[in-house]
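None of these values were measured; they are calculated from a predicted model. Letters A, B, ... are given to chains in the order of the sequence lines, protein chains preceding strands, and every chain is numbered from 1. Below, all heavy atoms of this structure are taken into account, side chains as well, without hydrogens, waters or symmetry copies.
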Amino acid sequence: MSEITITLPDNSTRSYNAGITPLEVAESIGQRLAQDTVAASINDELSDVTVPLMADAQLKLFTGNSPEGHEVLLHSTAHLMAQAVKMLWPKAKVTIGPAIENRFYYDFDIQSTFSNEDLEKIENQMRQMAKDDLTVKREIMSRDAAITLFNDMGEDYKVEIIEQIDSQDDISTYRQGEFIDLCRGPHVPSTGKIKHFKLLSSAGAYWRGDEKNKMLQRIYGTVFSTKKELKEYLHFLEEAKKRDHRKLGKELEIYSFDDEVGPGLPLWLPNGGIIIDELEGLAKETESQHGYHRVRTPHLTKGDLYKKSGHLDLYKDAMFPAMDIDGIEYYIKPMNCPHHHKIYDASPKSYRDLPYRISEYGTCYRYEKSGQLFGLMRVRSMQMNDAHIYCSEDDFETEFMDVCQMYLKYFKIFGIEKYEMRLSLHDPVELGKKYINEPELWDQTEVVVRDTLKKGNINFVEIPGEAAFYGPKIDVQVWSAIGKEFTLATNQVDFAIPKRFNLTYTDESGSEQTPLCIHRAPLSTHERFIGFLIEHYGGDFPLWLSPIQVAILPISEKTLTYAQSVKSIMEKTGIRVKIDDRSEKIGAKIRQAELKKIPVMAIVGEKEAEEKTVSLRRRIIGDQGAVHIKQLLESLNSEIKKRSLPHRES
RNA sequence: GCCUACGUAGCUCAGUGGUAGAGCACUUCCUUGGUAAGGAAGAGGUCGCCGGUUCAAUCCCGGCCGUAGGCUCCA
């Protein structure tokens, strides 16, 4: 038998007889490695560990805690689950079951639905089969043979999938015990490798994600290579729930929903009102430094305006139905752009007026499908940090970059580090359906935006099919505590204005020109932004945003008068203060302030009253000792003015 | 919108075919205590809404409303 040379990732080489498998190579290195190995890559191609090596090769062995190995483990556990479901519900049809981030799922076409008890039953069945350590065997067959096989088994969905595979390609299947599944692989060599798993939830899901198709039953689960990792992941999911803005928003009395008001229509409580005021303060300050003019526009507008803007053709599904006023159709506005265009058009513009920048925290209403609503992050009424910049082509790059810089400035203030800048482009197939039918303008604008981003050294990914109906966008994507993705800030180019609104300006030579329009919302909407901030800070807002900044905690009623004088001194400098005048011990007052996540506690007893000090305690950090009032005011006001980030545990 | 689960006091939740309970919060009283819960008493609910079954429904059935998870990451 001929010898082959296997090169390992550390560039060491080993000689083996041809036909040896990656698993046997692992065994020759160490029993422990062999036990943990779930997949391999041969010359950088992911593979089963039982594939014989016939020639010299670069070999990598993946254990279950490597990203590649974990994915294989997830995928194999999905198969194990499908096998269990088929045993318990022989009539169920299998469809697809991929690995996703830290989880897997499998969709079944089944008459009934899965209850929590069913999940337990399935899990037990899986444990049994894992214990039985069934060999997982890869088999290659022709496309036709595969179609016959799955047809005979009544697995219609698998047949549908195979029929879409190139007729030249062979089909791979995996068999474990009685169960056989169509799959590209790779998979673990035997079910005994699957040890630490848990089924998480069941849900409905459309076949191929299309709501026109049949609804299948999906089960989500997770698996890790060690018990510790599984425990950590489940713990992480629990912690994420604690950060959820829907929980914290209620606890901190920031907003609420009321059945009688309607779904997706948040009520801002006084604490939320304060956060809104602070955000608007930041926006006003920043925008005035950048040459914006503030405007205001009505919530209600005639339908003709939205016909002109294209909303009624391309955005109507997201608009509330028209109301009839004196025989004319009016709509509640879903966007502020048309009104801003009208403001531009309210007086003649010359090149001297450009760039013309107008901003408004405009209130918009959008009809989101009921199942899409999500706390504050996806609502039906929203106030946008909106602005439109009308400029000449020459000014476009500077203006566009200025907007990008504004994002980055804001993100720094809020300490937002985990986000993805996305260049959202149109999909040519959808021209005239989803997008304004101006193929050349689309291409032209997308090139300009992409080049500008590159010039500005801004990292971004490109996603086709995500543009606004009127132009390409730069979206800033973030994730909620429980992992849902949202567009936070957005910056869009609107090239359709000239035709539709006939906006013009007079250039230096006296001839009429058409401006470009940039639409931007770096602070998103109040709803989504504050929802995001609650989770981002875990409820621990920086001092400048905290609804209550200082809690004054008198040791006893004897120092209540002093506490009141401290309060009024602080209030005069604009600090938001509350006294806890309950007849409670200091420990209870501190506990209450900590639970309400008030950043600063000023404890005042007789000693402090005498010395005109307070005993300072910062939330999370703890006791800071006595501080003179004047000194405290200075440091707090400076922290507020600088909009410093919250103090963290070191 | 669709699938599934859920809806009991301000909050978190228990409970039963015979008109309801705990803890926290709230109010009052006692306590005046120095860095994460002092004590006592009291008040608080049309058991999401509408209908049906029943002598009797918060509980069983149906409809509606709302909330949650999912419906995107393609063998």
Check your understanding: Base, sugar-phosphate, or nothing for Ile171(A), non-hydrogen atoms under 4.0 angstrom?
Key -> base
Check your understanding: So what does Lys247(A) touch, heavy atoms closer than 4.0 Å: a base, only the sugar-phosphate, or nothing?
Key -> nothing
Check your understanding: NA contact type, Tyr105(A), heavy-atom cut-off 4.0 Å: base, sugar-phosphate, or nothing?
Key -> sugar-phosphate
Practice item. For G21(B) and A14(B), measure between their C1' atoms and round to the nearest Å. Key: 7 Å
Check your understanding: Base, sugar-phosphate, or nothing for Gln624(A), non-hydrogen atoms under 4.0 angstrom?
Key -> nothing
Point to revise | Same-atom distance (P) from C55(B) to G15(B), integer angstrom | key: 29 Å
Check your understanding: Which is true for Phe257(A) with a 4.0 Å heavy-atom rule: it touches a base, it touches only sugar-phosphate, or it touches nothing?
Key -> nothing
Review point. When we call it a touch if two heavy atoms are under 4.0 Å apart, what does Arg218(A) touch: a base, just sugar-phosphate, or nothing?
Key: sugar-phosphate
Review point. Rounded to the Å, how far apart are Asn213(A) CG and C3(B) P?
Key: 15 Å
Practice item. Please measure how far the C1' atom in C24(B) lies from the corresponding atom in C6(B), and state the result in whole Å. Key: 23 Å
Check your understanding: Across all strands shown, which nucleotide pairs with C47(B) by Watson-Crick or G-U wobble geometry, both distances under 3.5 Å?
Key -> none
Practice item. Just compare C71(B), G69(B), G34(B) and give me whichever is closest to any side-chain atom of Ser201(A). Key: G69(B)
Point to revise | Nearest-angstrom distance from the residue atom NZ of Lys198(A) to P of G69(B) | key: 18 Å
Check your understanding: How long is the line joining CD of Gln217(A) and P of G70(B), in whole Å?
Key -> 15 Å
Check your understanding: Reckon Ile586(A) touches a base, only the sugar-phosphate, or nothing at all at heavy-atom distances under 4.0 Å?
Key -> sugar-phosphate
Point to revise | Phosphate-side-chain proximity, Arg591(A) and A37(B), N/O vs OP1/OP2 below 4.0 Å | key: no
Review point. Taking atom C1' in both C47(B) and A22(B), what distance in whole Å separates the two?
Key: 16 Å
Check your understanding: So what does Ile96(A) touch, heavy atoms closer than 4.0 Å: a base, only the sugar-phosphate, or nothing?
Key -> sugar-phosphate
Point to revise | Spacing of the P atoms in C3(B) and U72(B) (rounded, Å) | key: 15 Å
Point to revise | His79(A) to Tyr106(A) - nearest heavy-atom pair and separation | key: CD2-CE1, 4.4 Å
Practice item. Could you give the distance separating U58(B) and A9(B) at their P atoms, to the nearest angstrom? Key: 15 Å
Check your understanding: If we take the P atom in both C49(B) and U8(B), what is their distance in whole Å?
Key -> 10 Å
**Study point:** Rounded interatomic separation in angstrom, taking NZ from Lys585(A) and C1' from G38(B)
**Key:** 5 Å
Study note, to complete from the structure: Per nearest nucleotide of RNA chain B, the residue lying toward the 5' end, Ala588(A) or Ala99(A), is Ala588(A)
Check your understanding: Does any donor atom in the side chain of Thr487(A) or Gln477(A) lie under 3.5 Å from an acceptor atom in the other side chain?
Key -> yes
Practice item. Indicate, yes or no, whether a donor-acceptor pair under 3.5 Å links the base of G70(B) to the side chain of Tyr206(A). Key: no
Practice item. Answer yes or no: side-chain N or O of Ser583(A) and base N or O of C30(B) forming a donor-acceptor pair under 3.5 Å. Key: yes
Review point. Can a donor-acceptor pair under 3.5 Å be found between the side-chain atoms of Glu260(A) and the base atoms of G66(B)?
Key: no
Review point. Which one is paired to U54(B), where only Watson-Crick or G-U wobble pairs with both distances under 3.5 angstrom count?
Key: none
Check your understanding: Checking all strands, does Lys607(A) fall into the base, sugar-phosphate, or nothing category for heavy-atom contacts under 4.0 angstrom?
Key -> base
Check your understanding: Charged N to carboxylate O under 4.0 angstrom, Glu238(A) versus Lys242(A)?
Key -> no
Point to revise | Arg422(A) and Asp475(A) ion-paired at < 4.0 Å | key: yes
Practice item. Using a heavy-atom cut-off of under 4.0 Å over every strand shown, decide if Leu216(A) touches base, sugar-phosphate, or nothing. Key: nothing
Point to revise | Atom-to-atom span, CD1 of Ile552(A) to P of G34(B) - whole angstrom | key: 20 Å
Practice item. Report the distance from atom CG of Leu46(A) to atom C1' of A75(B), rounded to the nearest whole Å. Key: 15 Å
**Study point:** Gap between atoms CH2 and C1', on Trp479(A) and C73(B) respectively (whole Å)
**Key:** 13 Å
Practice item. Applying salt bridge (charged side-chain N to carboxylate O under 4.0 Å, His left out), run through Arg208(A) and Asp210(A) and close with a yes or a no. Key: CA-CA 5 Å; Arg208(A) 295 186 184 276; Asp210(A) 188 333; over 6 Å; no
Review point. Considering only the P atoms, how many Å lie between G44(B) and C60(B), rounded to the nearest integer?
Key: 28 Å
Study note, to complete from the structure: Which of Trp268(A), Tyr255(A), Phe532(A) passes side chain to side chain contact (heavy atoms under 4.5 Å, CB included) with Glu527(A)? It is Trp268(A)
Review point. So what does Asp623(A) touch, heavy atoms closer than 4.0 Å: a base, only the sugar-phosphate, or nothing?
Key: base
Practice item. May I ask you to say whether Asp109(A) pairs ionically with Lys214(A), meaning some side-chain N is under 4.0 Å from a carboxylate O? Key: yes
Check your understanding: With the threshold set at 4.0 Å, does a side-chain nitrogen-carboxylate oxygen contact exist between Arg619(A) and Glu594(A)?
Key -> yes
Review point. Does A5(B) have a Watson-Crick or wobble partner in any strand here, with both distances under 3.5 angstrom, and which is it?
Key: U67(B)
Exercise for review: Using the closest heavy atom to pick a nucleotide of RNA chain B for each, name whichever of Gly371(A) or Glu608(A) lands nearer the 5' end.
Suggested key: Gly371(A)
Exercise for review: Searching all strands shown, indicate the nucleotide that pairs with C29(B) (Watson-Crick or G-U wobble; both distances under 3.5 Å).
Suggested key: G39(B)
Study note, to complete from the structure: pair_partner(G21(B)), Watson-Crick or wobble, both distances < 3.5 Å, evaluates to C13(B)
Practice item. Quickly work out the Arg617(A) CZ to G34(B) P distance and round it to whole Å. Key: 15 Å
